[in-house]
Peer 1: 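Let me give you the structure first, and then I'll get to my questions.
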Number of protein chains: 2
Amino acid sequence: MAENWTDVPTLPAAVADWIARGIVAERWPDGARLRETEIAAELGVSRGPVREALRVLGERGLVRLVPRVGAVVNGMSRDTISEVYELRAHIEALICRSAVPRLTDADKDRLRGLLDQIIALRNANRVDEMLTTCWEFRETLYRPSSNRTALDLVRSLRTRLHSIPQVLRDDPQHIALAMTFYVRVTQAAVDGDTSAVERLVSEFMIKTGEQAVAAFRPGTAATTPARPGTPAWS
Amino acid sequence: MAENWTDVPTLPAAVADWIARGIVAERWPDGARLRETEIAAELGVSRGPVREALRVLGERGLVRLVPRVGAVVNGMSRDTISEVYELRAHIEALICRSAVPRLTDADKDRLRGLLDQIIALRNANRVDEMLTTCWEFRETLYRPSSNRTALDLVRSLRTRLHSIPQVLRDDPQHIALAMTFYVRVTQAAVDGDTSAVERLVSEFMIKTGEQAVAAFRPGTAATTPARPGTPAWS
DNA sequence: CATCGTCATACTGTTGACAATGAACGATCT
DNA sequence: AGATCGTTCATTGTCAACAGTATGACGATG
């Protein structure tokens with residue numbers, strides 16, 4: 001090893017993350033072969049961790065593993081983006097169905113606080129911190145759900161396209177949509193209005209998907225290097 | 001290598017399959033540690049493929065990967081079963097929404113033919129072949145869907161609990177439910193009644209989940225060795 | 001008798017090397 | 001000239017070995 005991977009929990013996970021970032025940043029074009037040797041050399045690790053990372057990414061759908069050939073990039077397309085957001089609309093609404101009735105008063109206070117933070121950070125134009133807070137909000141809202149399987153699934157789906165959010169990051173139209181969403185969903189959650197939360201979440205996901213598809217250029221995706229700490233939308 | 005893994009495409013996939021079967025067959029209890037060395041020795045392979053297999057199973061949710069400790073079995077519980085079926089109810093209904101309108105006349109003929117086969121095999125008490133045909137029916141119904149991501153997801157979820165279907169295999173109550181479902185869904189699909197198909201699929205999944213939960217004994221799951229060719233319900 | 005520290009052991013994390021297979025290229029034949 | 005075949009190289013598949021860490025037992029100590 002020769003880089004700064006010392007503080008990361010496990011090496012294969014770090015490698016998987018690195019490759020995933022590269023894919024969503026369009027470092028490799030769609031259909032490109034990911035050669036284990038190259039990646040291993042570039043990261044200063046051996047091929048073992050790289051292979052394991054590729055298996056994980058294959059299972060997650062970011063690459064396609066062809067026997068005796070290796071991993072080829074499963075590029076993002078408008079269809080894929082649309083599909084993933086459609087899925088998330090349904091699954092996250094499902095999560096809310098069991099989560100909202102279980103929200104404690106403390107949870108609700110926390111949601112209100114996070115909303116205030118989001119608004120403040122938005123007004124201060126501190127986008128990155130706002131994104132982090134948004135995700136925290138979402139996690140807080142979903143956490144009480146009884147369906148842990150669904151929660152894991154959403155997290156997995158989210159990693160699958162956290163480049164798209166980068167595109168949306170500076171889209172004022174999306175920010176407006178998001179702000180409205182967070183305000184309304186907080187109100188609905190605090191009121192314990194489960195079906196309203198479901199509807200809001202679903203609609204937000206659908207519309208976000210549409211915006212993402214519209215903003216997507218199949219070859220001019222994220223020019224941002226996507227630094228390790230940079231959070232993502234949605 | 002010393003066994004009969006010569007016919008399988010790739011070694012890690014075969015190992016993953018072997019371990020998955022072991023887990024669903026309760027070869028290892030919930031929370032048990034899967035030692036790479038043991039498995040490697042038992043299968044006559046090295047630790048490399050075993051590690052890769054465990055990463056895949058970790059991503060799929062069958063095991064939990066603890067850094068510096070290894071893989072521990074993520075046992076099936078009533079909650080998990082219920083969760084997975086609830087998810088499938090929603091996702092498979094979503095698939096139908098885009099699949100049914102795209103069914104060609106050839107597809108519909110094929111569905112009718114498969115239904116006839118299912119009924120015939122059921123009357124002949126050839127359960128295993130019937131299960132295969134049922135899954136073929138489902139695949140045919142879903143295939144036209146535009147949402148490939150969702151299709152992959154369902155396949156992944158399905159592998160996650162293909163022990164449970166074994167429990168349902170000889171449950172006359174479930175067979176009755178299934179027969180009714182396949183008859184009705186065929187009719188609805190042929191008629192192009194999308195919402196009816198959605199509703200039927202969703203209900204079938206929910207009820208199947210309930211039956212699976214009821215039939216589940218957390219420690220006396222599948223006594224069947226689950227041979228490679230054996231298909232599964234749902 | 002319970003609890004804590006120490007040590008041996010077993011297991012995982014990672015690496016480099018070897019074997020086998022697929023892809024690319026050039027030579028040869030029609 | 002075009003197509004086919006054989007050769008060479010690159011890349012994946014697999015393995016055995018080494019290094020580092022958690023685990024469990026054993027004994028010392030309060």
Peer 1: Choose from D/dT14, C/dT14, D/dT12 the nucleotide whose nearest atom is closest to any side-chain atom of A/Glu52.
Peer 2: C/dT14
Peer 1: Need to verify one output field. Residue with the more 5' nearest nucleotide on DNA chain C, A/Ser46 or A/Pro67?
Peer 2: A/Ser46
Peer 1: How many whole angstroms separate atom CG of B/Leu34 from atom C1' of C/dC11?
Peer 2: 13 Å
Peer 1: Atom CZ of B/Arg51 to atom C1' of D/dC15: distance rounded to whole Å?
Peer 2: 14 Å
Peer 1: Could you state the atom-to-atom distance from CD of A/Glu38 to P of D/dT12 in whole Å?
Peer 2: 9 Å
Peer 1: From CZ of B/Arg47 over to P of D/dC18, roughly how many Å is that when rounded to an integer?
Peer 2: 14 Å
Peer 1: Using whole Å, what does the distance between atom P of nucleotide C/dG13 and atom CG of B/Leu54 come to?
Peer 2: 10 Å
Peer 1: Report the distance from atom CZ of B/Arg68 to atom P of D/dG20, rounded to the nearest whole Å.
Peer 2: 10 Å
Peer 1: Can you measure A/Glu36 atom CD to D/dT14 atom C1' for me and round it to whole angstrom units?
Peer 2: 11 Å
Peer 1: Do A/Asp107 and A/Arg110 meet the salt-bridge criterion of a basic N to acidic O distance under 4.0 Å?
Peer 2: no
Peer 1: What is the minimum heavy-atom distance between A/Leu115 and A/Phe137, and which atoms define it?
Peer 2: N-CD1, 4.3 Å
Peer 1: Within the 4.0 Å heavy-atom criterion, would you say A/Gly48 contacts the bases, only the backbone, or no part of the nucleic acid?
Peer 2: base
Peer 1: Given atom CG of A/Leu11 and atom P of D/dG20, what is their separation to the nearest angstrom?
Peer 2: 15 Å
Peer 1: Return the 5'-most residue of the pair B/Pro49, B/Arg33 with respect to DNA chain D, ranking by each residue's nearest nucleotide.
Peer 2: B/Pro49
Peer 1: For the pair B/Glu83 and A/Arg148, find out whether any cationic side-chain nitrogen is under 4.0 Å from an anionic carboxylate oxygen.
Peer 2: no
Peer 1: If you compare every side-chain N and O of B/Thr37 against the phosphate oxygens of C/dT12 (OP1, OP2), does one of them come in below 4.0 Å?
Peer 2: yes
Peer 1: Whether A/Arg158 and A/Glu139 form a salt bridge (side-chain N of Lys/Arg under 4.0 Å from carboxylate O of Asp/Glu) is what I want to check.
Peer 2: no
